[in-house]
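Input: a single structure, listed below in structure tokens.
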Amino acid sequence: MPETRFNRLEQARLEKAEVLRGLGQGPYGLRFDPSHRHAELQRLHADLANGQERDEQVAVAGRVMTRRVMGKLAFFTLLDETGPIQLFIEKATLAAALPDQPEAFTQLTTLVDAGDWIGVSGSLRRTDRGELSVKVSAWQMLTKALQPLPDKWHGLADVEKRYRQRYLDLVVSPGTRETFRRRALLVSGIRRWLDERQFLEIETPVLNAEAGGADARPFTTHHNTLDLPLVLRIATELHLKRLVVGGFERVYELGRIFRNEGVSTRHNPEFTTVEIYQAYADYTDMMALTEELIAAVCQQVCGSTAIEYQGTAIDLTPPWRRATMHELVEQATGLDFNGFSSREQAAAAMAAAGLEVPESADCVGRLLNEAFEQRVEDTLVQPTFVTDYPVEISPLARAHRSKPGLVERFELFIVGRETANAFSELIDPIDQRRRLEAQQERRAAGDLEAHGVDEDFLHALEVGMPPTGGLGIGIDRLAMLLTDSPSIRDVIAFPLLRPEAAPPVG
RNA sequence: GGGUCGCUAGCUCAGCGGUAGAGCACUCGGCUUUUAACCGAUUGGUCCUGAGUUCGAAUCUCAGGCGACCCA
């Protein structure tokens, strides 16, 4: 390995690592038993007055974030998962505690850099300035870092670097740590809420012969031994419904799905959803479930159901607004889509109202959806259930019990973003076959997002699926909302980015 | 896919046609109550890549790379 691989900063750290090795101090420790973390120490010793000491031995470990050495006294801050703890490092204290290591103070202050992991033990002291500190009487190197930390004051401002080197972002950005902590609480909160209500989480395949359950282009891959082309799932819907056919009355799956589509502040090619199916329920039941579930986890994660997102107050306290797609479009555009009997009529009215009329919207229902996306979607800032969708864009939803041409479906919008989607599930195998065949025709005509016909799924419906309510929630978008993050990349630890440099040829 | 902006030291940034700069970090010296510690000294560069214009390019032009934001 050529020496030139390391720059002078890394080289200096390597030299320190060698000195530490010679002293029997790692530089890569085996184990350490911290007695407390930052949060516990702060809680347990909140009563310790400024300038006072408490003769209780503690051991803490973490990454050295800052160093302030002044002659025979030094202050380090050590960061553990819960926060920073100050180390009060006194030459005299170390010398008294370690009579056989007269150089301990010098070694600690010259061989330990910002970025290193160390473990220390000592007693407690709150400094004159009020900072709870561990008065160090022994220390050990746990890991020598070869890379310097980013600027301690400005942190990592380069967004690209924050995404590519998330580990560094996490080290220096408390807000990033908090975001992923909240995301974890969100995910575990959803699971707990569902588990408490007797929903079973059952895992379904990621690799499938056919993509189904959503309008999206899949990633394609290949199984070598079976010589089989496969696609990654774009939804978990069709398998979860098979489980309902099999007799599981309440099932869900919280997991990753994959859509081979663009990347934006709201889209990542792999993202996380939870799909929930409840037998004997319909879409109104799923609306109630959605409200309760999201309000509950919001309360757990944020401590309130009234939150702020990018400067806008959002109130997730149930009940939420409910409105039909037709009503909302009429309010926004003045166009009553109930009155249109042909695509031409609707298209002309839309054009007259200044809306775009894309070629691909080949029926009244799709035009209605266009009008909704163009004029309504962005305006739905407070949580809103948009109900009663056109059948043409809802191939897996049950026909509405009283409104011809519509289905029993809702989508939940919050801050203008689709956050959940739910139906009274279509359980009639004959109707379902007709719908999927219509999709198949669209696909044959070039619509790469149209569904295919999944014969086994149809067979399952023929075996008989009870009336069922189904719901899908986008976890990433919910995480954005609950962490006040403007981009989906902020709530995905390692978002997809192009490789920094072109891969080597060959 | 289109537009705008960005890419300079480990980090944060300035420089915008005439010797490559600052703060922090690093290294060395000093310092027992700091918390962006302080004081002094030193060190550190593929100015994203390539081509062009020019006596001279980090700077201007073109092409490319990566990213951010907006639009579709």
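What you see below is based on every heavy atom in this structure, not just the backbone, and it leaves out hydrogens, waters and symmetry mates.
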Residues 361-373 of chain A side chain polar contacts: donor-acceptor under 3.5 Å, at least two apart:
from, atom 1, to, atom 2, distance (Å)
A/Asp362, OD1, A/Arg366, NE, 3.3
A/Asp362, OD1, A/Arg442, NH1, 3.3
A/Asp362, OD2, A/Arg442, NH1, 2.7
A/Arg366, NH2, A/Glu392, O, 3.2
A/Asn369, ND2, A/Glu373, OE2, 3.3
A/Glu370, OE1, A/Gln374, NE2, 3.1

_Summary of protein contacts for nucleotides 67-72 of chain B, nucleotide by nucleotide, where a base hit scores B, a sugar-phosphate-only hit scores S (4.0 Å, heavy atoms)_ = SSS---
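The shortest distance between the side-chain N/O atoms of A/Lys16 and the OP1/OP2 oxygens of B/U27 is below 4.0 Å.
Of the C1' atoms belonging to B/U27 and B/U42, the separation is 7 Å, rounded to the nearest Å. Of the C1' atoms belonging to B/U8 and B/G23, the separation is 15 Å, rounded to the nearest Å. Going from the P atom of B/U19 to that of B/C26 covers 31 Å, rounded to whole Å. Nucleotides B/C60 and B/C5 are separated by 12 Å at their P atoms, to the nearest Å. Comparing B/G21 with B/C16, their P atoms are spaced 14 Å from each other, to the whole Å.
Other residues, nucleotides and ligands place no more than 12 heavy atoms under 6.0 Å from the CG atom of A/Asp55. In the displayed structure, A/Arg217 atom CZ is contacted under 6.0 Å by at most 12 heavy atoms of other residues, nucleotides or ligands.
The side chain of A/Leu156 lies closest to B/U12, out of B/U33, B/U12, B/G10.
Nucleic acid contact for A/Leu149: none, since no nucleic acid atom lies under 4.0 Å from a heavy atom of the residue. Note on A/Val172: nothing from the nucleic acid sits closer than 4.0 angstrom, heavy atoms only. If you check every strand for non-hydrogen atoms under 4.0 Å, A/Gly51 touches nothing.
A 3.5 Å limit on both hydrogen-bonding distances identifies no Watson-Crick or G-U partner for B/A36. The nucleotide B/A57 finds no pairing partner, because no Watson-Crick or G-U wobble arrangement with both distances shorter than 3.5 Å includes it. Across the strands present, B/A22 finds its partner in B/U12; the criterion is a Watson-Crick or G-U wobble pair with both atom distances under 3.5 angstrom. Look at B/C47: it lacks any Watson-Crick or wobble partner with both distances under 3.5 angstrom. Nucleotide B/C5 is matched to B/G67 when pairs are restricted to Watson-Crick or G-U wobble geometry with both distances under 3.5 angstrom.
Between A/Arg125 and A/Ala12, the one whose closest nucleotide on RNA chain B sits nearer the 5' end is A/Ala12. Along RNA chain B, the nucleotide nearest A/Pro148 and the nucleotide nearest A/Arg67 are compared for position; the residue whose nucleotide lies closer to the 5' end is A/Pro148.
RNA chain B is contacted by A/Lys72, A/Leu73, A/Phe75, A/Gln86, A/Phe88, A/Glu90, A/Ala92 of residues 72-92 of chain A, taking any non-hydrogen atom closer than 4.0 Å.
For the pair A/Leu146 CG and B/C26 P, the computed distance is 15 Å after rounding to whole Å. As a whole-Å value, the separation of A/Arg126 CZ from B/U33 C1' is 14 Å. Residue A/Lys161 contributes atom NZ, which lies 19 Å from atom P of B/G6 at whole-angstrom precision. Atom CD in A/Glu131 sits about 12 Å away from atom P in B/A37, given to the nearest Å. B/C11 atom P lies 11 Å from atom CD of A/Glu10, rounded to whole Å. The distance between atom CD of A/Glu53 and atom P of B/U33, rounded to the nearest whole Å, is 15 Å. Atom C1' of nucleotide B/C31 and atom CZ of A/Phe105 are separated by 11 Å, given to the nearest angstrom. Distance, A/Met70 CE to B/U35 P: 7 Å, rounded to whole Å.
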Polar atoms only, N or O, under 3.5 Å: list the protein pairs with nucleotides 21-24 of chain B and their distances.
from, atom 1, to, atom 2, distance (Å)
B/G23, N2, A/Asp151, OD2, 2.8

Protein and nucleotides 41-43 of chain B: nitrogen or oxygen contacts under 3.5 angstrom:
from, atom 1, to, atom 2, distance (Å)
B/U43, O2, A/Arg8, NH1, 3.3

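Contacts of A/Arg166 classified as side chain to side chain donor-acceptor pair (under 3.5 Å), with partners at least two apart in sequence or in another chain: A/Asp169.
Side-chain atoms of A/Ser394 and A/Arg409 include a donor-acceptor pair closer than 3.5 Å.
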